[in-house]
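Written below as structure tokens is the structure these notes are about.
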Amino acid sequence: MSKKIRFVDCGANVGKAVDWAKNKYKEDLIKIDAFEPEYFNYTSLLEKYALEDNSVPIIIHTQAVWVENIIKDFYIQAWGSRTGSSLLASKEQAIKEGQYLPKHYRNVRLNFSDNKHFVRDSSGGYQAKTDCALAVPSLKFPVQCIDLSDWIIKNLSKDEHNIIKIDIEGAEYKVIEHLLETEAHNYIDEWLVEFTPEKKAPEDFNQETIDKFKSTVKQYVDWSHF
């Protein structure tokens, strides 16, 4: 590949895609930008890549990607690696049988005592009795959002090979529609996208956006298969 590679990770979580890009593209990479607004994952990313001997600059951003520069509520999945955290209040968050839920998230007490799917454990936390899903709109924190289209146009160059990964738990429908409308998609050479299924984001799922996206971009891979 003659062009140098920029990798943009939207919804970086604990760094799976960052590590994938580092291992795959190696010396062809010139910069990685990772966006992760969930507090504990963000601080974990900072510590992880500060301790590693990285030959390529890895910039960890605490903002959420969105369609405008604005402060929005971010709805937290407090268990596991918090992969279901989302800008959408209605986004369902999956829980597996046996999953432990913490007693607190950033000093906010979690209470699932009235939910039939959970039992209290000896520590005062909760454990899932069955696989289930729920939305927890009460557990939210404000985050700074950026207009991803604007950021792409200002920070990426068409002289480079730009790869973007988008896994943002339902917010991708509005974000991708905005990227297409503003023509910021023309800066992206490869796409890794996970589209949230309708059953998990019934209010925001948009098949027309998926169809328009797939018919517009050339190199797209379903990130959920990774």
### Message
Check for me whether Arg82 meets the cation-pi criterion with Phe40, that is, NZ or CZ under 6.0 Å from the six-membered ring centre and within 45 degrees of the ring axis.
### Response
no
## Note on the structure
Nearest heavy-atom approach of Gly11 to Ile168 is N-CG2, 4.0 Å
### Task
Identify the heavy atoms of Ile163 and Ile5 that sit nearest to each other, and give their distance.
CD1-CG2, 3.8 Å
### Query
If every non-hydrogen atom of Phe118 is compared with every non-hydrogen atom of Cys132, which pair is closest and at what distance?
CZ-SG, 4.1 Å
### Summary
On a heavy-atom basis, the closest approach of Leu139 and Leu110 is CD2-CD2, 3.6 Å
### Task
Check whether any side-chain heavy atom of Tyr126 sits under 4.5 Å from a side-chain heavy atom of Asp121, and report yes or no.
no
### Over 12 non-hydrogen atoms of neighbours within 6.0 angstrom of NZ in Lys96
no
#### Entry: Under 3.5 Å side-chain donor-acceptor pair for Asn13 and Tyr42
no
### Task
Output, in order, the C-alpha distance, side-chain angles, deciding distance and verdict of side-chain hydrogen bond (donor to acceptor under 3.5 Å, both in side chains) for Glu177 and Thr209.
CA-CA 6 Å; Glu177 186 67 35; Thr209 296; 3.1 Å; yes
### Query
Taking the six-membered ring for Trp, are Tyr39 and Tyr105 ring centroids under 6.0 Å apart?
no
### Task
Take Trp223 and Phe195 through the ring pair (Phe, Tyr, Trp, His ring centres under 6.0 Å) test and state the conclusion after the steps.
CA-CA 8 Å; Trp223 177 251; Phe195 286 103; over 10 Å; no
### Closest non-hydrogen atom pair between Ser90 and Asp204, with its separation
OG-OD1, 4.0 Å
### Message
What I'd like to find out is whether the side chain of Asn41 reaches to under 4.5 Å of the side chain of Ile60, using heavy atoms alone.
### Response
no
### Task
Count the heavy atoms belonging to other residues, nucleotides or ligands that lie under 6.0 Å from CD of Glu208, then report whether that count exceeds 12.
no
### Message
Counting the benzene-type ring for Trp, do Phe205 and Tyr173 have ring centres under 6.0 Å apart?
### Response
yes
### Query
Centre of Trp66's six-membered ring, under 6.0 Å away, within 45 degrees of the axis: is that where NZ or CZ of Lys174 sits?
no
### Task
Specify the closest pair of heavy atoms between Lys48 and Val14, including all atoms of both residues, with the distance to one decimal.
NZ-O, 3.7 Å
### Task
Could you check if a side-chain atom of Glu190 sits within less than 4.5 angstrom of a side-chain atom of Lys218, using non-hydrogen atoms only?
no
### Task
Flag yes if Tyr220 and Val8 sit in one hydrophobic cluster, no otherwise; membership is Ile, Leu, Val, Met, Phe, Trp, Tyr, and two members link when side-chain heavy atoms are under 4.5 Å apart.
yes
### Task
Determine whether the aromatic ring centres of Trp151 and Phe35 lie less than 6.0 Å apart.
yes
#### Entry: Check: Trp79 ring centroid to Tyr100 ring centroid under 6.0 Å
no
### Sidechain N-carboxylate O distance under 4.0 Å for Asp33, Arg6
yes
### Query
Does Lys3 pair with Glu160 as a salt bridge, N-O distance under 4.0 Å?
no
### Query
For atom CD of Glu203, is the number of surrounding heavy atoms from other residues, nucleotides or ligands below 6.0 Å larger than 12?
no
### Task
Please lay out, stage by stage, how Phe7 and Leu192 fare under the test side-chain contact (heavy atoms from CB on, under 4.5 Å).
CA-CA 11 Å; Phe7 185 71; Leu192 309 169; 4.1 Å; yes
### Any side-chain heavy-atom pair of Leu180 and Lys212 under 4.5 Å
yes
### Message
Under a plain distance cut-off of 3.5 Å, with no hydrogens placed, do Glu38 and Ser85 share a side-chain donor-acceptor pair?
### Response
no
### Query
Are more than 12 heavy atoms from other residues, nucleotides or ligands located less than 6.0 Å from atom NZ of Lys22?
yes
### Task
Establish, for the pair Lys140 and Tyr75, whether the NZ or CZ atom is under 6.0 angstrom from the six-membered ring centre and no further than 45 degrees off its axis.
no
